[in-house]
Amino acid sequence: MSKLPDNTPTQPKAEHGTLASYVIGFILSLVFTAIPYYLVVTKTVTGNALLATILTFAVLQMAVQIFFFLHLGRGPKPLYNVAFFVSTVGIILVVVLGSIFIMDHLNYNIMMAPKATTTKLAQDEGIAQVGGEKTGACADIGTNHQVIVQNGQMKPLRVEAHLCDSLTFINQDAATLTIMFGSYAKPENYGGEIGVSVRSGRTKTITLNQLGTHAFHDHLHPGATSYFTVTKNNGVY
Amino acid sequence: MKEFLIGKLSMEALPHEWFTIGGSAFFGSLVIFLIILLTVTKRWGWLWKEWLTSVDPKKIGIMYFIVAGFMLIARGGLEALMMWLQQALGSSDMPGFLGATHGYLSAEHFQQIFTAHGNIMVFFVAMGFIFGLINYIVPLQIGARDLASPFLNTLGFWLFVAGVVMVNMFFFVGGEYAATGWLAVAPLSGAEFSPGTGMDYLIWSLQISGIGTTLGAINFIMTILRMRAPGMTLWKMPAFTWSSLCSMIMAVTVFPLLTATLFLIFFDRYFDTHFFTTTLGGNAMMYTNLIWMWGHPEVYILVLPAYGLFTEIVSTFSRKRIANYTSNIIGMIGVSLFALSVWLHHFFTMGAGADINAFFGVMTMFIAIPTTVLVFTWIATMRGGRIRFTTPMLWFLGFIAVFTFGGVTGVMLAIPPADFQFHNSLFLVAHFHSNVIGGVLFGVFAGISYWFPKMAGFRLNERIGRYAFWCWMIGFSLSFIPMYIVGLMGATRRLDTYDAASGWQPFYVLMLIGGIVIAVGVALQLVQIIASVIQKRRLHDATGDPWEGRSLEWSVSSPAPSYNFATIPKVTTRDAYWEMKQQGMPARTYEDIRMPKNTASGIYISFFAFLVGFGLVWHINWLAIVSLIGVIGCVIVRTFNDDTEYTITAAEVEKMEEARVAKAKALHAEKDTGPDEDMGLIEFVKIAITWALNVIRTRQWRNR
Amino acid sequence: MAESVVTGELNHEAEVNDRVMFGFWVYLMTDLLMFAVLFAVYAVLHGNTVGGPTGSELFSQPQALAETLILLTSSFTCGIGMIAARRGNKNQVLAWFTLTFLLGVAFLSLELLEFGELIHEGYTLSSNAFLSSFSVLVGTHGLHIISGLFWMFVTLLYILVRGLNRQLVRKLALLSLFWHFLDIVWIFIFTIVYLMAYV
């Protein structure tokens, strides 16, 4: 047990905080909390931009608290603490982003029947022929057609396209859009997929690699069924 | 009411199969024998004070060796032999006994054996030996007296022991172990498909010892980064210390991932969550992803200390400095960095697609680069040196042969399209055993034979050591070269029976013979130790420096005093002790030494931790809660205990040093006539038979 | 002689102090990594609602903001308490840390209310993967808060009875490290769980 007076300082002054540092840290943290909250609640920014913004503010607030509350970088031999912190952040990014990256691919690839998976993989990698057999994949993409969804309505209701064109669904609604191929009563497959899911404010594009007239509908608001017709290019396929 | 009191425990949980009866009889009689021995020799107090509550890293290191060695022989190695025997007998044209269709192990039992074999070898044998080595040697190498936190050290050890007890508990209560493979992949390991308690034993034994490992790793990092002798900058540290630092930084990084993942599968089983279930949104593949994020760096955690100690062994026995210290260390750091970015190569076939597989395949192949740098520095160190083929050097050469096999087959496996053929075949099993046995285990054997004189005060018998080494090499080749071949022929792993038409049986028989040769090798290692004890006067290490070493551990007596160094050395260069030998030893100045007191809190906390796990295995909720309170209570008592150190005054230190020197002079050591004159096997057998007959005749086990 | 013993003591204490703080920092990094796994699991599984309600339908934005502000304030009061501790002012330490404790309890109460409501409506951690990953992520943070509060309680009791000394100041320093770190983790829970649900 120590016999020294209680108020003998234990460490050189630099390592721990002053009132100023805590107050500044507190105010900055308040600001960095308020701004993303406000942005999300009022929806002034949306989609990927909003995501990036609030994550940036989270990282900024973390930096503020690390420096002003935890005093990282000050005191004797700060290098080790900083080094450990930075490497931990790195590993966290590997763990979180790596998992998202891997699991996303895994999920994507297991959703379909084997034959459809093969078709889809061939499409993704632009493999038009295997051993003389055509896979049906498109080597080049033609024109892009767009279907805009707003207020539950799809515009245009009918799309005319050629083989190996692309079709983009644009979701301008507030909710996530679930497009299923076929009609509501009779769902179908197209190009190996049962449908596409489009988050609010985002788009999804599919390659039109199958001929014929195909239906699609909004699965959560089954109203009108829309169609796209894929016809042959003259002479190419 | 009964369910509240004893959860899922019932009469069925008691041993009633041949292996649970056999296992509990064996362990039970061992415990009873030890109790009787300690009582008759009145050694309880000595055991408690000198060993169990000790916080001396040297003692804790030895205890790790004993527990790890015991688990190697009594569980892991025995299970390997059992599996080889079953596979040799498992052809479809063979009869079946004891409930098996062919051979003598039923499919369920075989599954439990390979699961237990993997868990025990990785967590309790390899980690135990590695922790033992780091505990003993690193403080001596950096000129420190103890680890940064002696309390965390003993706590880590006893949590490890709690894990060991937990993994053996099913013999007594439960009757089954997990049958899921050593990593217990979901959904097989979930509540739906593994409803028994075996899987819960797996979870808690790994969880408790894993927490011990994390705490131990924090401790080692604190020690290496904060407690080096004055003048020893990072770039002057010995290679083994560097490798331990890299390994422990990796451990501290990835063991939390294991802890979290085990908690998640525990929640799935206990609280019916849906992380890895097949229904209600669970994603079993996430388990595989997370567990391998831990699993891959784990094998590098195990092998890096081996790399470090091989560097030292090569340098000492080539009588040369390490050829290129910087490259060597950068190689180790490179391996550590890359190890954290390759985990997907364990599940190329799970379906992530070509892009992801390509990335991880390339990263896996990259690891070969820093590893090769290491091998080249070793070769360069040997070149131009005057090599002495002592047993540690033999183990190093064995490592080069075996580990290289493992390494190049690893590069083959790293190619995703090729891996679609190799995955989960015996080719894979042979690959990782080449690395783990050739790398980690041979490293441990080399390290123990190298540092044995420092730990015990006399060196090991070289002749029998050589026999043991060759048994291991021949046995390993007989076991694993056929395994590579039959793996390429299509044999998958974890097979208990197979079609007779496949033509694999002769290979399995060869593997069994190889396994028996390895077992002979292990027996010879035990004989080696006993023979060395018998001849210890002749093999006595008088100077503390039997090999002409270069690092600080050789500057103290063998064995080292409890405070390691009477005077903390001042370091000016790499190979600090070599420098001291050239410049002349520093003058002896004595100062007061603060030493940590022994403590039983590690034992108490681990005991309660064990009970928490046991309670959760059997759904005895009140036991889990009460024991958790026990853990917290003991932690609070310990952290608020300010009286944890005592001082050895300078005068006392001086007296102890003088007494030690006098004792060494007075010891009538025989002359060491060299390794070729060490006791041979025949002589040992003669001595053993004579002793046994003597004991029977005189009823006294030792002359007094 | 007495003086060199005293400076010897001080040096040894400073060394031990430095070691303990560093070791605890390393431990906090391991805790962060455990949370990383929980975040990764949430990121992967949060969409698996199996037809059930998503986060935007279950969470209350104002409540989440309140929790965030309360915890942030408690982190601030904890810091002020540490300044008082280094000055050796026992009464101020007790005051500021009690305030921190009360704010922590307030945070916890709001969180328990939230979970209580969810369970009442039938959304438990075994309902689907989203709720499992949400409950375990937020729940683990909550368990850490409970541990911190318990630690605070025991330490404050000790200070009340025995008075402040250097070992206790060190314990408070470790506790405040832990408490600040919990607030940092909460920033990410707030952002990734509560805010991102509405993006």
Side-chain angles (χ1 to χ4, degrees), chain B residues 147-149 152 211 214-215 217-223 225-227 248-249 251-264 267-268 270-277 279-283 285-287 289-291 293-294 591-592 594 632-633 635-636 639-642 644-645 647, chain C residues 5 8-9 12 15-16 18-52 124-137 139-140 147 150-151 154-155 158 162 165-168 171 174:
Chain B
L147 293 191
S149 170
L152 274 186
I211 292 177
T214 311
L215 294 175
I218 297 177
N219 207 2
F220 290 134
I221 294 173
M222 281 201 283
T223 309
L225 291 181
R226 285 282 200 261
M227 289 176 69
M248 291 299 113
I249 292 181
V252 109
T253 306
V254 300
F255 266 86
L257 306 180
L258 176 72
T259 308
T261 310
L262 286 175
F263 269 128
L264 292 177
F267 285 144
D268 264 7
Y270 210 84
F271 295 114
D272 199 27
T273 51
H274 292 284
F275 292 109
F276 312 123
T277 52
T279 55
L280 289 178
N283 193 334
M285 298 188 290
M286 188 58 177
Y287 179 89
N289 178 44
L290 288 173
I291 205 75
M293 265 195 224
W294 164 82
E591 53 189 17
D592 287 353
R594 297 177 93 101
I632 297 173
V635 170
I636 295 179
T639 50
F640 281 91
N641 177 0
D642 291 320
T644 56
E645 290 180 331
T647 312
Chain C
V5 166
E9 279 258 347
H12 178 74
E15 241 179 61
V16 168
D18 172 57
R19 244 179 260 159
V20 169
M21 295 292 281
F22 176 59
F24 194 72
W25 180 258
V26 177
Y27 157 71
L28 284 179
M29 298 298 106
T30 68
D31 221 347
L32 259 184
L33 284 161
M34 270 219 316
F35 273 107
V37 170
L38 299 180
F39 274 109
V41 169
Y42 181 79
V44 168
L45 294 179
H46 75 275
N48 297 12
T49 55
V50 197
T124 62
L125 45 59
S126 38
S127 299
N128 57 41
F130 158 67
L131 280 164
S132 296
S133 51
F134 164 75
S135 311
V136 170
L137 174 58
T140 306
S147 312
F150 180 69
W151 185 359
V154 171
T155 313
Y158 212 81
R162 296 283 199 94
N165 66 33
R166 282 220 306 285
Q167 276 79 8
L168 278 169
K171 289 198 208 303
L174 293 174

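- Among the candidates B:Phe275, B:Phe263, B:Phe276, the residue making the largest number of heavy-atom pairs closer than 4.5 Å to chain C is B:Phe275.
- Only the side chain of B:Phe267 comes within contact range of chain C, with at least one heavy atom under 4.5 Å from a heavy atom of that chain.
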Could you tabulate the donor-acceptor pairs under 3.5 Å formed by side-chain atoms of residues 30-40 of chain C, not counting sequence neighbours?
from: C:Thr30; atom 1: OG1; to: C:Tyr27; atom 2: O; distance (Å): 2.5
from: C:Asp31; atom 1: OD1; to: C:His144; atom 2: NE2; distance (Å): 3.0
from: C:Asp31; atom 1: OD2; to: C:Tyr27; atom 2: OH; distance (Å): 2.8
from: C:Asp31; atom 1: OD2; to: C:His144; atom 2: NE2; distance (Å): 3.0

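- Heavy atoms from other residues, nucleotides or ligands lying under 6.0 Å from CZ of B:Phe640 number more than 12.
- Proximity to chain C (any heavy atom under 4.5 Å) is shown, for B:Leu257, by both the backbone and the side chain.
- Contact of B:Glu645 with chain C is made through the side chain alone, with heavy-atom distances under 4.5 Å.
- In this structure the side chain of C:Trp151 reaches within 4.5 angstrom of the side chain of C:Leu174, judged on heavy atoms.
- Comparing B:Met286, B:His274, B:Met222, B:Met227 by how many heavy-atom pairs each has under 4.5 Å with chain C, the most go to B:His274.
- Using cut-offs of 30° and 60° for the angle between ring planes, the C:Tyr42 and C:Phe130 rings count as tilted.
- Heavy-atom distances place no part of C:Thr49 under 4.5 Å from chain B, backbone and side chain included.
- The two atoms that bring B:Thr214 and B:Val252 nearest to each other are O-CG2, 4.2 Å, heavy atoms only.
- Residue contact with chain C, scored on non-hydrogen atoms closer than 4.5 Å, involves the side chain of B:Ile636 exclusively.
- Nearest heavy atoms, C:Ala129 versus B:Gly281: CB-O, 3.1 Å.
- The shortest non-hydrogen separation linking C:Val41 to C:Ser133 is CG1-CB, 4.1 Å.
- Nearest heavy atoms, B:Asn219 versus B:Ala148: OD1-N, 3.6 Å.
- The greatest number of non-hydrogen atom pairs below 4.5 Å with chain B, out of C:Thr140, C:Leu131, C:Thr155, C:Val26, is found for C:Val26.
- For B:Leu152, no part sits under 4.5 Å from any heavy atom of chain C, backbone or side chain.
- Looking at B:Leu258, there are no atoms closer than 4.5 Å to chain C (heavy atoms on both sides), in backbone or side chain.
- Each of B:Pro256, B:Gly282, B:Ala260 has some count of heavy-atom pairs under 4.5 Å with chain C, and the biggest count is that of B:Pro256.
- Heavy-atom pairs under 4.5 Å with chain C were tallied for B:Asn289, B:Thr261, B:Thr253; the largest tally goes to B:Thr253.
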